[in-house]
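Written below as structure tokens is the structure these notes are about.
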Amino acid sequence: MDQFEIEFKTETLDEITDHLSRLLEILNSVSGDTPEQSQVDEMFRIFHSIKGNAKSAAFDSISDIAHDLEDLLLKVKEGEFKFLTQRFR
């Protein structure tokens, strides 16, 4: 692996860490058991970003997990599933 690839992968992991920190902030800010639509939308965007960033850096496992979580949040947005934060606390 050359220096550019190492730096790119390191920066990608830093970005993913930032996204996950924001996700935790959102989850901790939910009042009650169900997040607001804007919070679900932001979580969806976070996983979408993680998916793309991870894929571009060849972190396929991270990309796959983010894709699955993005799909679940899409089902929440469409009303197929109910998101309960009590599962995360």
Side-chain angles (χ1 to χ4, degrees):
M1 192 176 326
D2 65 15
Q3 187 62 31
F4 174 79
E5 189 174 358
I6 291 169
E7 288 177 16
F8 180 71
K9 287 179 180 272
T10 300
E11 288 175 18
T12 300
L13 288 174
D14 288 343
E15 289 176 15
I16 290 170
T17 300
D18 291 343
H19 285 304
L20 292 174
S21 293
R22 178 61 189 140
L23 178 66
L24 286 175
E25 288 174 10
I26 295 166
L27 289 172
N28 287 327
S29 72
V30 173
S31 58
D33 288 335
T34 306
E36 296 176 14
Q37 186 62 42
S38 62
Q39 292 169 314
V40 173
D41 291 341
E42 188 172 0
M43 288 186 281
F44 178 85
R45 287 191 302 274
I46 287 170
F47 284 117
H48 182 77
S49 296
I50 290 172
K51 178 184 73 174
N53 291 351
K55 192 70 167 173
S56 69
F59 296 133
D60 294 333
S61 295
I62 295 172
S63 180
D64 291 345
I65 291 167
H67 181 78
D68 290 343
L69 291 167
E70 183 185 34
D71 285 348
L72 284 173
L73 283 169
L74 183 59
K75 291 179 189 253
V76 170
K77 288 173 67 161
E78 294 172 345
E80 288 184 53
F81 289 129
K82 187 172 182 180
F83 189 107
L84 298 175
T85 57
Q86 65 192 12
R87 295 177 183 170
F88 296 100
R89 294 184 180 160

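Not measured: the values here are computed from a predicted model.
- With rounding to the nearest 0.5 angstrom, the CD atom of Glu25 is 11.5 Å from the CD atom of Gln39.
- The structure places OG of Ser56 at 8.0 Å from CD of Glu15, a figure rounded to the nearest 0.5 Å.
- Within a 6.0 Å sphere centred on CD of Glu36, heavy atoms belonging to other residues, nucleotides or ligands number 12 at most.
- Between Leu73 and Phe83, some side-chain heavy-atom pair lies under the 4.5 Å cut-off.
- At a threshold of 4.5 Å between non-hydrogen side-chain atoms, the residues Ile65 and Asp68 do not count as touching.
- Around atom NE2 of His48, no more than 12 heavy atoms belonging to other residues, nucleotides or ligands sit under 6.0 Å away.
- Expressed to the nearest 0.5 Å, how far OG1 of Thr17 lies from CD1 of Ile50 amounts to 9.0 Å.
- By the criterion of side-chain heavy atoms lying less than 4.5 angstrom apart, applied directly or through intervening Ile, Leu, Val, Met, Phe, Trp or Tyr residues, Phe8 is not grouped with Ile16; the two fall into different hydrophobic clusters.
- Between atom CD of residue Gln3 and atom OG1 of residue Thr10 there is a gap of 8.5 Å, rounded to the nearest 0.5 Å.
- Here the closest non-hydrogen pair linking Ala58 and Lys9 is CB-NZ, 3.9 Å.
- When all heavy atoms of Ala54 and Thr12 are compared, the closest pair comes out as N-CG2, 4.3 Å.
- Separating the CD atom in Glu70 from the NE2 atom in His67 is a distance of 6.5 Å, to the nearest 0.5 Å.
- In this structure the side chain of Val76 never reaches within 4.5 angstrom of the side chain of Met43, judged on heavy atoms.
- Put simply, CG on Asp71 and CZ on Phe47 are 11.5 Å apart, with the number rounded to the nearest 0.5 Å.
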